[in-house]
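Order of listing sets the numbers, starting from 1, for every ligand and every atom in it.
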Amino acid sequence: MQKSWTELWLSYEPKKENGNLPFWQTISLTGFDEASGIVENALAELVEGARGMLDVIPEIILEEEIEQGIAIMRDAAMEPESYLLCRNGAKIFLKAGDEKGLLYGVFHLLRRVAMEEVPDFEEIYCKPDNPLRMYNHWDNMDGSIERGYSGNSFFFENNEIIQDERITDYARLMASIGINGVVVNNVNVKDAATYLITDRYFDKVAKMAEIFGSYGIRFFLSLNFAAPLELGGPDSADPLDERVIAWWKAKMEEVFRRIPNLGGFLVKADSEGRPGPFTYGRTQADGANMLADLVKPYGGIIIWRCFVYNCTQDWRDYKTDRARAGYDNFIEMDGDYHENVILQIKNGPMDFQIREAVSPLLGGLKKTNQMLEVQVAQEYTGQQIDLCYLIPLFKEVLDFKTYCAPEKDTVADVISGRCYGNKNTGIAAVINTGRDANWTGNDLAAANLYGFGRLAFDMSLSAEEIAEEWVKQTFSTEEEVVKKVTELLMGSRATYEKYTCPLGIGWMVTPHYHYGPSIDGYEYSRWGTYHRADHWGIGVDRTDAGTGYVRQYYEPNASMYNDIATCPEELLLFFHHVPYTYRLKTGKTLIQHIYDTHFEGVSEVEAMIQVWESLSGKVEKRAYDTVRERFDRQLVNAKEWRDQVNSYFYRKSGIPDEKGRKIY
Ligand code: GCU
């Protein structure tokens, strides 16, 4: 069957063999069951990859030594999910302690061939940094995707589960970058999605989960906390009500029996209109622990989101600060969450802006399992129309020093378990895929899809290394292509930031849609997302004199942010209300900085387009054309942002641009 979708970085196009060919003629397997799903899939991948990239069909030999080739063997002493590659003369050994380690090792070898690397290594040992490496889909059962920018869902349609080959290809892609957990349905669980844990869907859900399982991926569902009420149980969802507990107990027994590869549930409770324990005067811990205790006998976990804030704020109220909410709602119960509960915390205290402070809850909690949540879907960062490579942003978050411990205190340390020694930890991302042929709308947005997985597996990789890997596997290993596309990716976040909201203030987007400018769009709304611009200045005062948010950080971070002189300038307006005439370290006034960056942002998009045009004929035409069309739209968007932001601040401040450029 002709597929209607691309294979992304697993396209296995012909490659220069660069000394790899002799190894790929024979593959031996020792100590693994070749009939088990994961091993079978790994071997099939090796064969496909070799055939496509090196034009050879490897001979597979079981439980026998080989003279030359790739020798895959089990080494029971190795840690779960880890693998070791070593080269000894005419043989490459791939050793792993379990099937997942084997699978990751296989994809590592395939990646090397796709990148046309010479097999000159001696020894490479890889063990994933994060225990859980997850993608969260916000797919609805009707086929729509909340914050989806690449077409409809490939899991659901018309309240049914789609059963086609795309799920398998999706699972392969995920496994190839080390993803080991997937949540398939939207965190906002409504309507038909509530029934995913009922007989209506069990068979198809179990099938889906089985496919994921055969690629080493645990299957998760988002759960409706009010399910007892909606599925004919007791007329309450109070987590301490015996009737509710009994209902969930029976439900969990049924669900885990019917969906064998179920890892557990993701829960959005008491957030943006979703029901939760607060409705019954209970704590978040009451809610999470009740469910966790009931899934524990099946090895299940409960991932509980911390995106809990008051979304019916009054813009006139300067004391309530949405940024404070996550910490205020969760810190007091630190230590009360059971061992199989993980709190999933967004990278910033607001909501996936192009720049915001790192959430003080990360590392603020000391006795609770934590998972970082980032957004690969570009909700506020250009919606896969504008180019915005997000790995540099994720790296900044991971490298952030929280000062929660004398050492090993970065966010990366906290979420990987290196800091507190806990094992139920990790990283999750809201995914950017959909049913579009190229999966991510903009072909270049697949760098984020790829990059998140690679980073979750190995947090020491640089954003640039990841970009290069992706370009080589996706487009070409030709030096010019690798260099230019990598540069485009690497500069894109700074460019996007320049033409949108300045210095960490965030928002200023069209309400609800979140694409394009609307400076005051959220200014007088209930969402708590204000910029507080007036005639004199702009920014939210989160210092001691303001909302006091800075005190949620450990020292010296708290004092650093509190003082305008030491606050990192890229976050200036996130923490301070600053006059337009304030001089930045560059010597420019704040207002001039706003004007300059907005003009620069547009020029940079123009320059990006030229670079892309110079690659015409050097990257696949379909991808070239798609990206070219997206760049046109990005340029329109960038100009709109530039003109609206500059005009807005000129009109507020009355201060003209020093360079006399056109402002409306
Ligand atoms: C954002 C987003 C919503 C989403 C929410 C969440 O607010 O706009 O669509 O539901 O985040 O993370 O739950």
Test of ring centre spacing under 6.0 Å for Phe220 and His137: no
Ligand 1 atoms in contact with [X] (distance to a heavy atom under 4.0 Å):
X	result
Glu146	3 (C), 4 (C), 9 (O), 10 (O)
Phe307	5 (C), 6 (C), 7 (O), 11 (O), 12 (O), 13 (O)
Arg147	2 (C), 3 (C), 8 (O), 9 (O)

Between the side chains of [X] and [Y], does any donor sit under 3.5 Å from an acceptor?
X	Y	result
Asn422	Thr425	no
Asn152	Glu157	no
Asp386	Tyr499	yes
Asn369	Tyr337	no
Glu379	Tyr149	no
Asp643	His598	no

Part of Val430 within contact of ligand 1 (heavy atoms, under 4.0 Å):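 Val430 to ligand 1: no contact under 4.0 Å from either part.
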For atom 12 (O) of ligand 1, the option (of Lys346, Gln344, Lys268) bearing the nearest heavy atom: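 It is Lys346 that holds the nearest heavy atom.
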Trp138 near ligand 1 by a heavy-atom separation under 4.0 Å: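 Right, Trp138 reaches ligand 1.
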Protein heavy atom at shortest distance from [atom]:
atom	answer
atom 1 (C) of ligand 1	Asp351 OD2, 2.9 Å
atom 8 (O) of ligand 1	Glu379 OE2, 2.5 Å
atom 5 (C) of ligand 1	Glu272 OE1, 3.3 Å

